[in-house]
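Residues take their numbers from the sequence shown, with the count starting at 1. What you see is a predicted model; the values in this text were computed from it and never measured.
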Amino acid sequence: MASEADLTTMALTVWAEARGEMPGGQRAVAWVIRNRYENPGWWSRNAGDGIPDDTIAAVCRDPFQFSCWNPADPNRFRLDNPRTQERPDYLAIRKICEDVLNSTTADDDPTSGSDHYCTIAVARNTRWARGRKPTVVIGNHQFYR
């Protein structure tokens with residue numbers, strides 16, 4: 001299902017988006033990526049970056065889908081630093097991503113099929129999340145379907 005590039009991009013995305021969360025919150029963000037990959041929607045489009053649209057890496061790197069990949073995001077430079085992939089916290093998240101990708105049952109998904117999330121702190125100021133009821137709240141993130 002996933003290539004080495006897919007796994008690395010997924011792990012970097014989860015690391016940048018949720019490294020301050022407990023493992024359960026990190027796992028939930030990884031499941032959102034998997035859910036988007038398995039159920040393409042409006043967010044699945046050609047990113048113009050040479051990555052085929054039908055990959056996990058494309059799901060993560062499509063413009064403005066995961067903020068850590070936005071050019072102006074403070075996490076962006078960390079994603080390009082090879083030393084990031086040597087960090088113990090990144091390696092732990094990479095293992096979580098492997099487990100999510102290798103799961104054979106949707107029962108393992110703590111988000112109940114969510115394909116979006118937002119931090120609680122900014123949800124009321126986020127246009128698409130405003131007024132929507134989250135499917136579940138895990139850690140500091142609200143998850144939506």
Side-chain angles (χ1 to χ4, degrees), residues 1-49 51-80 84-85 87-145:
M1 174 161 113
S3 69
E4 181 65 25
D6 287 328
L7 177 58
T8 298
T9 302
M10 182 182 193
L12 285 169
T13 304
V14 174
W15 178 82
E17 297 276 323
R19 68 182 172 274
E21 290 290 322
M22 298 297 291
Q26 296 165 352
R27 179 176 311 284
V29 170
W31 270 99
V32 166
I33 294 168
R34 178 175 166 168
N35 291 337
R36 283 186 176 206
Y37 169 73
E38 290 180 346
N39 304 290
W42 60 265
W43 55 80
S44 299
R45 61 183 185 278
N46 189 327
D49 57 9
I51 299 172
D53 288 341
D54 60 349
T55 66
I56 290 170
V59 167
C60 294
R61 295 183 64 127
D62 266 354
F64 306 105
Q65 297 307 302
F66 293 92
S67 61
C68 63
W69 294 104
N70 296 344
D73 190 278
N75 282 303
R76 182 66 174 98
F77 80 95
R78 293 180 178 107
L79 298 174
D80 292 329
T84 296
Q85 295 179 42
R87 295 173 52 117
D89 56 346
Y90 167 83
L91 295 172
I93 288 171
R94 184 179 170 92
K95 175 67 173 114
I96 289 170
C97 291
E98 285 181 75
D99 292 346
V100 167
L101 291 174
N102 290 327
S103 174
T104 58
T105 175
D107 292 341
D108 292 341
D109 179 359
T111 73
S112 299
S114 293
D115 51 30
H116 286 72
Y117 64 88
C118 188
T119 62
I120 294 168
V122 301
R124 80 173 127 246
N125 299 321
T126 302
R127 191 186 62 193
W128 65 263
R130 197 175 310 126
R132 291 181 67 190
K133 184 177 188 230
T135 305
V136 66
V137 176
I138 301 172
N140 293 309
H141 288 94
Q142 295 177 335
F143 293 83
Y144 303 87
R145 189 163 182 216

Novice: Do any pairs count as a salt bridge (charged side-chain N to carboxylate O under 4.0 Å, His left out) and have a residue in residues 64-80, sequence neighbours left out, and if so which ones?
Specialist: R76-D80
Novice: Which atom pair, heavy atoms only, marks the closest approach of A5 to A57?
Specialist: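 That closest heavy-atom pairing would be O-CB, 4.4 Å.
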Novice: Any side-chain heavy atom of Q65 sitting closer than 4.5 Å to one from V59?
Specialist: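 Not in contact.
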Novice: Calculate, to the nearest 0.5 Å, the distance between atoms CD and OG belonging to E17 and S67 respectively.
Specialist: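 Between atom CD of E17 and atom OG of S67 there are 4.0 Å.
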Novice: Minimum heavy-atom separation for L79 and A16, please, with both atom names.
Specialist: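 Reported closest heavy-atom pair: CD2-CB, 3.7 Å.
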Novice: Just verifying a value: how many Å separate N102 CG and C97 SG, rounded to the nearest 0.5 Å?
Specialist: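 Rounded to the nearest 0.5 Å, the CG-SG separation comes to 11.0 Å.
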Novice: Just by distance, do the side chain of T55 and the backbone of A58 share a donor-acceptor pair under 3.5 Å?
Specialist: yes
Novice: Report yes if some heavy atom in the side chain of I138 is under 4.5 Å from a heavy atom in the side chain of R27; otherwise report no.
Specialist: no
Novice: Can you find a pair of side-chain heavy atoms, one from V29 and one from F143, that are under 4.5 Å apart?
Specialist: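 Side chain of V29 against side chain of F143, heavy atoms only: contact under 4.5 Å found.
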Novice: Atom CD1 of I56 and atom CE of M10: how far apart are they, to the nearest 0.5 Å?
Specialist: 5.5 Å
Novice: Is there side-chain contact between L12 and W69, with at least one heavy-atom pair below 4.5 Å?
Specialist: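 The answer is yes, as the side chains (C-beta and beyond) meet within the 4.5 Å cut-off.
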Novice: Of the options V100, T13, T9, D6, which is the one that meets I33 in a side chain to side chain contact (heavy atoms under 4.5 Å, CB included)?
Specialist: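 By the side chain to side chain contact (heavy atoms under 4.5 Å, CB included) criterion, I33 pairs with just one of V100, T13, T9, D6: T13.
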Novice: Which heavy atom of T135 sits nearest a heavy atom of S112, and at what distance?
Specialist: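 In terms of heavy atoms, the two residues are closest at CG2-CB, 3.9 Å.
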Novice: Give, for atom CZ of F77 and atom OG1 of T84, the distance between the pair rounded to the nearest 0.5 Å.
Specialist: 8.0 Å
Novice: Are S103 and D99 packed together at the side-chain level, in the sense that at least one heavy-atom pair is separated by less than 4.5 angstrom?
Specialist: no
Novice: May I ask you to check whether Y144 and W128 place their ring centres under 6.0 Å from each other?
Specialist: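 Ring centres of Y144 and W128 closer than 6.0 Å.
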Novice: Quick one: does R34's side chain have a donor or acceptor within less than 3.5 Å of a partner on D109's backbone?
Specialist: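 No.
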Novice: Can you give me the closest heavy-atom contact between G139 and E21, atom names plus distance?
Specialist: CA-OE1, 3.2 Å
Novice: Report the distance from atom NZ of K95 to atom CG of L7, rounding to the nearest 0.5 Å.
Specialist: 10.5 Å
Novice: Between Y117 and H141, what is the ring plane arrangement, given parallel below 30°, perpendicular above 60°, and tilted in between?
Specialist: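 Perpendicular.
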Novice: How would you list all residue pairs meeting salt bridge (charged side-chain N to carboxylate O under 4.0 Å, His left out) that involve residues 129-145, not counting sequence neighbours?
Specialist: none
Novice: State, yes or no, whether a side-chain contact exists between T8 and Y90 at a heavy-atom distance under 4.5 Å.
Specialist: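 They are in side-chain contact.
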Novice: Where do A2 and L101 come nearest, in terms of heavy atoms and distance?
Specialist: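 Minimum heavy-atom contact is CB-CD1, 3.7 Å.
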Novice: Run the side-chain hydrogen bond (donor to acceptor under 3.5 Å, both in side chains) check on N39 and D115 step by step: do they pass?
Specialist: CA-CA 9 Å; N39 304 290; D115 51 30; over 6 Å; no
Novice: Answer yes or no: is there a side-chain heavy-atom contact under 4.5 Å between H116 and Q142?
Specialist: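 No - every pair of side-chain heavy atoms lies 4.5 Å or more apart.
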